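Only one structure is covered here, and it is reproduced in the block below.
Order of the sequence lines sets the chain letters (A, B, ...), proteins ahead of strands, with each chain counted from 1. Small disclaimer: the values here were computed from a predicted structure and weren't measured.
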Number of protein chains: 2
Amino acid sequence: MNPPRAEPPDAAAEGSQSGMPAEHALLGLLAMREGGTGHGYELARSFGPEAPLGSVIRLEPGMVYHHLKKLERLGWVTVAPDASPDRPARRPFALSRDGRGELRRWLMEPVAHTREIRLEFLVKLYLALALEPALALRLIDEQRGILERLIDSLSEQRELGETAVNAESGSIHFGEMVTDMRLAQTGAALAWLDRVRTEAATVAVAAGRSDASRR
Amino acid sequence: MNPPRAEPPDAAAEGSQSGMPAEHALLGLLAMREGGTGHGYELARSFGPEAPLGSVIRLEPGMVYHHLKKLERLGWVTVAPDASPDRPARRPFALSRDGRGELRRWLMEPVAHTREIRLEFLVKLYLALALEPALALRLIDEQRGILERLIDSLSEQRELGETAVNAESGSIHFGEMVTDMRLAQTGAALAWLDRVRTEAATVAVAAGRSDASRR
DNA sequence: AAAGCCATGTAAGCTGTTACATGATTTT
DNA sequence: AAAATCATGTAACAGCTTACATGGCTTT
């Protein structure tokens with residue numbers, strides 16, 4: 001009935017959404033492995049209930065293979081030859097040049113909304129701490145800035161609502177309850193971030209020292 | 001390649017998930033209208049940027065029609081005859097007996113996770129305040145209980161982690177950061193709930209008075 | 001020889017999103 | 001007559017979940 005869609009909705013932009021925490025977690029896990037390679041089953045274990053990332057993002061093995069295929073399509077990983085031909089055949093994936101670049105870009109970018117702290121930011125934090133603690137410090141500072149601006153804008157909105165409610169007193173303050181909720185959540189996230197920052201600073205100093213001693 | 005699935009995954013359980021805030025919001029909006037009826041376009045406006053619910057859950061008109069069809073399938077709404085045959089034809093939906101029961105059940109049920117406060121709980125709260133403020137008070141108290149138990153269990157987990165970290169000092173406290181985050185978010189939600197409770201109590205008293213004067 | 005883990009996936013069905021199609025009525 | 005608004009949807013597709021299929025290797 002409708003004419004066929006003029007264009008498939010921009011296949012080039014497939015990987016351009018800011019989200020995709022699962023895919024980027026896979027990139028990060030590959031970067032954490034020596035040689036930057038790993039196969040699906042092994043990566044899937046990193047999302048199990050015992051693994052640290054498993055407390056933040058849970059992935060069934062099927063989804064891991066699905067995401068790896070997508071990463072391959074995007075050119076962020078490449079398939080390497082199977083080095084150990086004993087066991088059941090593996091398909092080891094290796095981080096590509098582009099993949100490394102994309103990972104770095106993503107790790108420096110704070111999340112825009114408070115609700116994304118719980119999943120996406122925690123994944124970024126875990127990977128940044130493991131890969132390059134100085135980057136984690138930077139990420140935390142950027143995120144602090146975002147949250148502070150959010151709180152400013154919510155406070156302003158809250159005061160506007162205050163006067164409007166007194167004028168008409170309709171819909172029993174619901175809008176203010178919503179804004180208060182967001183302020184509470186964002187404030188809590190900010191206070192938590194400050195505590196995390198001091199921890200991360202310790203880690204970064206320790207990593208810096210071991211860098212220096214290695215040289 | 002695979003044999004066809006033995007059973008379609010339990011069509012009877014279609015409406016049994018605890019979630020479905022959009023569908024239940026539609027039930028609630030119908031209940032708020034005199035006669036318990038409304039048509040799609042009108043309901044869709046209640047999810048626009050100006051409407052109070054629009055600040056919590058945003059729905060495109062297409063999704064509203066989609067959900068209404070599902071509610072019809074579940075027997076929670078029925079199609080009523082179009083009473084005003086002037087304008088472009090409407091399809092007014094009416095809340096059924098089952099729909100009213102389902103709405104009540106859902107409104108009394110607190111949400112299980114902190115992350116569901118932002119959307120699902122706020123929808124429940126809005127509808128309960130509008131329909132029956134005494135129910136809102138009850139919902140808030142139930143929700144308080146859930147959050148308090150959550151905080152207890154997170155605190156316990158937090159202390160277990162503390163000792164484990166001192167033992168091995170591996171994976172740089174990440175698990176504790178995650179638990180702290182959840183504690184912070186849940187604590188903030190609880191403090192917010194307490195403030196909302198006093199507001200809701202005022203509304204309930206006012207509603208009780210107007211109930212009494214109507215009698 | 002059987003049980004269980006290693007390892008890679010596919011199938012089928014849901015939900016959600018975006019965009020568009022269709023046409024009547026009201027306002028400018 | 002044109003534009004806006006009322007009103008109801010469908011098409012196309014992307015994403016997620018759950019379950020299962022397939023087979024090699026390892027341990028008991």
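In this entry the distance linking CD1 of B:I57 with P of C:dG16 reads 9 Å, nearest Å. Taking atom CG of residue A:L74 and atom C1' of nucleotide D:dG15, one finds them 14 Å apart after rounding to whole Å. The CG atom of A:L59 sits 8 Å away from the P atom of D:dT17 (whole-angstrom rounding). Put simply, CG on B:L26 is 12 Å from P on C:dG16, counting in whole angstrom units. Counting to the nearest Å, the P atom of D:dA7 and the CG atom of B:L68 are 14 Å from each other. Following rounding to the nearest Å, B:H66 (NE2) and D:dA12 (C1') show an atom-to-atom distance of 14 Å. Between B:E60 atom CD and C:dT15 atom P the separation is 19 Å, expressed in whole Å. Per the geometry, OH belonging to A:Y65 stands 14 Å off C1' belonging to D:dA21, to the nearest Å.
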Begin with the C-alpha distance, continue with both residues' side-chain angles, and end with the deciding distance and a verdict on side chain to side chain donor-acceptor pair (under 3.5 Å) for B:S96 and B:T78. CA-CA 6 Å; B:S96 71; B:T78 53; over 6 Å; no

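An OP1 or OP2 oxygen of D:dT17 is reached within less than 4.0 angstrom by no side-chain nitrogen or oxygen of A:R58. Put simply, B:K69 has a side-chain N or O that comes within less than 4.0 Å of OP1 or OP2 on D:dT10. Side-chain N/O atoms of A:K70 include none lying less than 4.0 angstrom from OP1 or OP2 on D:dA14.
The closest side-chain heavy-atom distance from A:R118 to B:T114 is below 4.5 Å.
Ion pairing of B:R158 with B:E176 is absent here, as no side-chain N (NZ or NE/NH1/NH2) approaches a carboxylate O to less than 4.0 Å.
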For residues 27-41 of chain B, which side-chain donor-acceptor pairs fall under 3.5 Å, sequence neighbours excluded?
from	atom 1	to	atom 2	distance (Å)
B:R33	NE	B:E42	OE2	2.9
B:R33	NH1	B:L29	O	3.1
B:H39	ND1	B:E42	OE1	3.1

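The minimum heavy-atom distance between B:V56 and B:L119, with the atom names listed, is CG1-O, 3.7 Å.
Between D:dT10, C:dT17, D:dT8, one nucleotide has an atom nearer to the side chain of B:M63 than all others, and that is C:dT17. Distances from the side chain of B:H67 to the nucleotides C:dG16, D:dT18, D:dG9 place C:dG16 closest.
Ring geometry, A:H24 versus A:W76: the interplanar angle falls from 30° to 60°, so the pair is classed tilted.
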Polar atom pairs between nucleotides 3-6 of chain C and protein, under 3.5 Å, N or O only, would you list them?
from	atom 1	to	atom 2	distance (Å)
C:dC6	OP2	A:Y41	OH	3.2

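Note that the CG atom of A:D180 and the OG atom of A:S155 stand 9.5 Å from one another [nearest 0.5 Å].
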